[in-house]
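Every chain is numbered from 1 and lettered A, B, ... according to where its sequence line falls, protein lines coming before strand lines.
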2 protein chains.
Amino acid sequence: MDVSIDTLFELSEFFKFFGDTTRIRIIHLMLSGELSVNEIAEKLNLEQSVVSHQLRILRTANLVKPRRDGRKMFYSLDDEHIGLIFDTGLTHILHKKGK
Amino acid sequence: MDVSIDTLFELSEFFKFFGDTTRIRIIHLMLSGELSVNEIAEKLNLEQSVVSHQLRILRTANLVKPRRDGRKMFYSLDDEHIGLIFDTGLTHILHKKGK
DNA sequence: TGAAAATATGAATACTTGTTCATATGTTAA
DNA sequence: TTAACATATGAACAAGTATTCATATTTTCA
């Protein structure tokens, strides 16, 4: 398959979003559904600003989308491929650990 | 699905390997088969040391494996999941660009 | 309106990481 | 053995990035 150098660059940029523990943990949480910023921070034992900063990165990349409800902001995955990519990588990790 | 925090860390570390343009380009080349260090450097227009450095990273992670033939070193993918992960990400990029 | 709650943002810092340049290592052939 | 080829490696530098801390913004409710 022929892939342009620009596309390969975009591809690496895309994988970078998954290449951070905090973001992967946030994404993993969201695979089960929508969450508020505080819920994420509490479940992952992270500071609120850390979560907000990472959510901004994911939001800018259109990987998550926000929804305001009162003073709370709920975030959910905005891309149907995220789960698939997550699972594909996870399968590899579990397979590797399994032997 | 329940995933341990350690596994999520490993998963993010794994995606990091795909999160660099140089490495993605090397991986993409290798999807078509084995190549020597110099072949990679020439095809990607990179310095030899850059390629060697990145190959070491991929080799340490068991993503590529080396084979010596004379004074040349040939590298090939050492993981059957790499192509799948690459394609999964690429599908997303192409799908995104398509609209 | 004012205070509290929830989230966002900016600047500073520390850390990681990719590239460059120089050089070392290993291999072949004359 | 020596020279040339192919690759690997180490140190230094530069650039990128995640976290922290402080503060700003937005919304609700008394």
Report summary line: Quick tally for nucleotides 5-16 of chain C: nucleotides whose base has a protein heavy atom under 4.0 Å get B, sugar-phosphate-only ones S, the rest -, giving BSBBBB------
Requested in this report: Specify the residue among L46(A) and G70(A) whose closest nucleotide of DNA chain D lies further upstream toward the 5′ end.
Outcome: L46(A)
Query raised in the report: Quick one: side-chain contact (heavy atoms from CB on, under 4.5 Å) partners of Q54(B), sequence neighbours excluded?
Result: D20(B), T22(B), R23(B), I26(B), I57(B)
Requested in this report: Could you state the atom-to-atom distance from CG of D69(B) to P of dT7(D) in whole Å?
Outcome: 10 Å
Requested in this report: Establish, with yes or no, whether the OP1 or OP2 oxygen of dT19(C) is under 4.0 angstrom from a side-chain nitrogen or oxygen of Q54(B).
Outcome: yes
Query - Where at least one partner belongs to residues 81-91 of chain B, residue pairs that pass side-chain hydrogen bond (donor to acceptor under 3.5 Å, both in side chains), sequence neighbours excluded - result: none
Query raised in the report: For the pair made of CZ in F9(B) and C1' in dA18(D), what is the distance, rounded to whole Å?
Result: 13 Å
**Report entry** Length of the CZ-P vector between R67(B) and dA8(D), whole Å
**Finding:** 13 Å
**Report entry** For Q48(A), all residues meeting side chain to side chain donor-acceptor pair (under 3.5 Å), sequence neighbours excluded
**Finding:** S52(A)
Query - Option from L35(A), V37(A), L29(A) for which side chain to side chain contact (heavy atoms under 4.5 Å, CB included) with Y75(A) holds - result: V37(A)
Report summary line: So the salt bridge (Lys or Arg N to Asp or Glu O under 4.0 Å) pairs with at least one residue in residues 58-68 of chain A (sequence neighbours excluded) are E34(A)-R67(A), K65(A)-D78(A)
Query raised in the report: With sequence neighbours left out, what residues match S4(B) under side-chain contact (heavy atoms from CB on, under 4.5 Å)?
Result: D6(B), T7(B)
**Report entry** Those residues of residues 17-25 of chain B lying under 4.0 Å from DNA chain C by at least one heavy atom
**Finding:** D20(B), T22(B), R23(B)
Report task. Can you sort out the partners of F9(A) under side-chain contact (heavy atoms from CB on, under 4.5 Å), two or more places apart, ordered by chain and number? Result -> S12(A), E13(A), T21(B)
**Report entry** Nearest-Å distance for atom pair CD1/P, residues I40(B) and dA8(D)
**Finding:** 9 Å
Report task. Identify, with sequence neighbours excluded, every residue that meets side chain to side chain donor-acceptor pair (under 3.5 Å) alongside H28(A). Result -> none
